[in-house]
Amino acid sequence: MATTIKKTDPGTDKPQPRRVRRAFRRLKHRQRSRAAYARPVAWLAGIQTAAVFADFTGLGLEVTGPAVVLAVGTTLVRARRRGEKPTLKRAVAGSLWLLVATFVGPYGLIALVLWVVGVAMAVPYWYELHRAAQRPADRPKALPKSSVSGVETWWQERVVPNHRAFTNTRLTQPEPVPGGFTAVVVGEPGKTDFDLMDKAKGTIASARRVAKDQVEFGPAPGGDFSGARVTVIERGDNLRKVRYVEDDAAAIDPETGIARVGYFFDLKPTHWSFWTTSAGAQMGTNAGATGAGKSGFGATKLGLVHQCELAVAVLLDAQDGSSQPDWNGRTAISREGVRACWEELQALDYVMGRRAHFVAHVPWVDDQNRERHGKPFFLPGDPDMLGLKLMYIAIEELPMLLGDDELGGQATELLAGAAKTWRKPGGALDVYTQNLGLENFGGKPISNTLRSNLAGGGSVAAFRTGSSQDWHMVGLAADPSTLPEYWEGTKDKTHGLGYMKGIDNRPGGKWRASISRDLYAIATSPAAGQLDEMTLSFYEEFHGMRRRGVDPRDPGAVTPAVPVAKPQWSSGDVEAVVEHALISGPRELGAICVAARRRLGDMPLSEVPAALRALEKAGRVRKTGNDSYQLVKEDQ
């Protein structure tokens, strides 16, 4: 069969619009470097044009004034967007000339000055352009594949045959992440073992030609132990960028107690839990060598607590205040030096004991309208807690305190008990050490208990350490001593790079801590939360006994009583408020409680059922349903 070719008239053959656009883009690209040479000339011509226009129209400063503001403002905005320090020399010189030309005229000698000085200032700029053009172009490195295409085949050909831990496994559900991919490893039930695969992840790193710490193993969806979730990052610069907590609007969520504190190596956010709704205050352990970013991370957390109205910060620094200079004296409680820290720990232990007694006996009404006493733990924001605040207790340079010849043994014993008991009354203990070895926790027989309770009761942040021991004892899946001190190919330190065991459940994934852009401004601003009256009264009890020579640890030193804030209301006030709430018609108990709390803010909710019972007995209120009440006069 002959092929028919349709002929067209050459005279009517017009270039397609798409081809025209492509040609224009190529021309624009070729002329871009040449156009750069003309920028200084265009800038000088623009200045003189503005001056001539102002002189010709007689507007003078009405034209040149806004022109000066626009030039300087544009320079500042461009520099800010690029993250550079603004260079105002050219803008200031041009602005001065423009203002002078407004009064003496933009012609003759003054115009000559503009062009001579402007060309002289442009010479270094032109020279740099010339040098850049003469330099041989660096051959761009091919970026590693971040696409998920072909990873299943790669797994079967490069991973499965090369290690018995991956025999009969396959890769499913691949998804791209920044700089790499994540996928689910499906194994053979009864034969494939998650632990064996995790130990063999070096095979995956070799097969993908990446560093071992750029491969992360995690539990498979649903917790299937014969499978896993694997994440491979092929680009090593995801965490090089310094990130700021302000850019993420990072804050402690008052509902969950969780705050964003950084990013994992696949750029998913890293979180720190200050408290949980199911267990109360959370403990913390932070380890890292000098310059690894440990103190910077601590400063960030102090800033988050400082801006949370449900918590207050306590800073204890055994190294005489050198760890957090911006925060010394700016937290609710701040102590410097070994002896001062020890004395404050004793006071805290007493206060936590008194708070624990209050929490265990506090009256409250449950969702079934039953009056009860005592709660299992303190939860920030609970209206039944009379304004009690979470106490975030940061202990810097813990080894210096626990290693003290005179006080170290006692401090170790006290903290071992605190790590077990301070959670319930709202004491979030957060300690800072050089590494995770027991010598950093006092080096005593009870030190293992202290370390285990801290790690088991909260989060662990391990930055680069000098010891390769004990990291697995606190639940980490990777050795923090292997983290690099400098970013590859640079002299920039890897401040804040580490591993995290915590609420995100990624103990083997690298992450980097965010920092504050202006920590001092946060530290010097008023704290959102203040120590509550009840806790202050407990402190006064402790120091009062000390002044009288009474040992607060003596069981007979004080008779525990449930402290109740001095009410500004009486039972009659509560009854009056309840009656007022029912004037508009029948209401459920919950609505009555809301109305009463709105009028009498510091009133325990248990007072409302008591008032309703009294009003029912007096015949002024009747119950119309399981949880509904109305005034008797309305029924009549």
Side-chain angles (χ1 to χ4, degrees), residues 283-299 301-302 314-325 327-328 334-346 348-349 392-420 422 427-476 479-481 483 485 495-496 498-501 513:
M283 305 300 169
T285 306
N286 308 267
T290 301
K294 177 177 78 274
S295 293
F297 182 47
K301 288 189 285 184
L302 285 169
V314 177
L315 176 59
L316 309 181
D317 187 356
Q319 200 172 4
D320 299 321
S322 62
S323 298
Q324 298 291 350
W327 287 107
N328 292 334
S334 181
R335 299 289 182 266
E336 302 174 15
V338 170
R339 181 161 294 278
C341 290
W342 165 240
E343 291 175 355
E344 186 58 41
L345 282 177
Q346 295 177 85
L348 279 166
D349 198 43
Y392 170 76
I393 304 154
I395 304 181
E396 284 279 2
E397 299 299 336
L398 181 71
M400 185 171 289
L401 172 62
L402 303 189
D404 185 78
D405 293 337
E406 179 185 356
L407 305 172
Q410 300 176 73
T412 305
E413 293 278 348
L414 188 151
L415 285 176
K420 292 187 294 184
W422 288 9
L429 193 61
D430 199 12
V431 303
Y432 295 80
T433 73
Q434 276 65 51
N435 59 64
L436 297 165
L438 286 179
E439 69 279 0
N440 284 261
F441 295 86
K444 306 289 191 301
I446 202 170
S447 296
N448 189 42
T449 300
L450 170 59
R451 183 179 66 180
S452 299
N453 287 332
L454 287 170
S459 304
V460 177
F463 304 98
R464 179 178 49 81
T465 64
S467 172
S468 61
Q469 306 297 320
D470 300 303
W471 49 271
H472 54 284
M473 299 297 292
V474 295
L476 291 175
D479 182 2
S481 69
L483 291 167
E485 184 176 0
H495 298 298
Y499 296 108
M500 170 82 79
K501 167 190 170 287

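All values below come from the heavy atoms of this structure, side chains included, with hydrogens, waters and symmetry mates left out.
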- Item | Intermediate values then yes/no, side-chain contact (heavy atoms from CB on, under 4.5 Å), Leu436 and Thr465 | CA-CA 8 Å; Leu436 297 165; Thr465 64; 5.6 Å; no

- Query: Is there side-chain contact between Leu450 and Ile446, with at least one heavy-atom pair below 4.5 Å?
  - Reply: no

What donor-acceptor contacts under 3.5 angstrom involve side-chain atoms of residues 412-420, with partners at least two apart or in another chain?
{"residue": "Thr412", "atom": "OG1", "partner": "Gly408", "partner atom": "O", "Å": "2.8"}

- Item | Presence of salt bridge, Arg339 and Glu406, under 4.0 angstrom | yes

- Message: Is it the case that the side chain of Gln324 and the backbone of Gly298 share a donor-acceptor pair, with hydrogens and angles ignored and the cut-off at 3.5 Å?
- Response: no

- Sub-4.5 Å side-chain heavy-atom contact between Val474 and Thr285: no

- Message: Using a 3.5 Å distance criterion without hydrogens, assess whether the side chain of Asn286 forms a donor-acceptor pair with backbone atoms of Val431.
- Response: yes

- Message: Between Asp320 and Ser322, do the side chains contain a donor N or O and an acceptor N or O under 3.5 Å apart?
- Response: no

- Could you verify whether a donor N or O on one side chain and an acceptor N or O on the other, from Asn435 and Trp471, lie under 3.5 Å apart? no

- Do any N or O atoms from the side chain of Lys501 and from the backbone of Ala455 form a donor-acceptor pair under 3.5 angstrom? yes

- Message: Contact between Asp404 and Leu402 at the side-chain level, heavy atoms closer than 4.5 Å - yes or no?
- Response: no

- Beyond-backbone contact of Pro399 with Gln434, side-chain heavy atoms, under 4.5 angstrom: yes

- Task: Flag the pair Asp470 and Arg451 as a salt bridge only when some basic side-chain nitrogen lies within less than 4.0 angstrom of an acidic carboxylate oxygen.
- Result: yes

- When rounded to the nearest 0.5 angstrom, what distance separates CD in Glu397 from CG in Asn440? 9.5 Å

- Item | Side chains of Glu336 and Asn328 in contact at under 4.5 Å (non-hydrogen atoms) | yes

- Item | For Lys301, all residues meeting salt bridge (Lys or Arg N to Asp or Glu O under 4.0 Å), sequence neighbours excluded | Asp430

- Message: Using a 3.5 Å distance criterion without hydrogens, assess whether the side chain of Ser447 forms a donor-acceptor pair with backbone atoms of Phe441.
- Response: yes

- Query: Does the side chain of Gln319 come under 3.5 Å of the side chain of Glu396 through a donor N or O and an acceptor N or O?
  - Reply: no

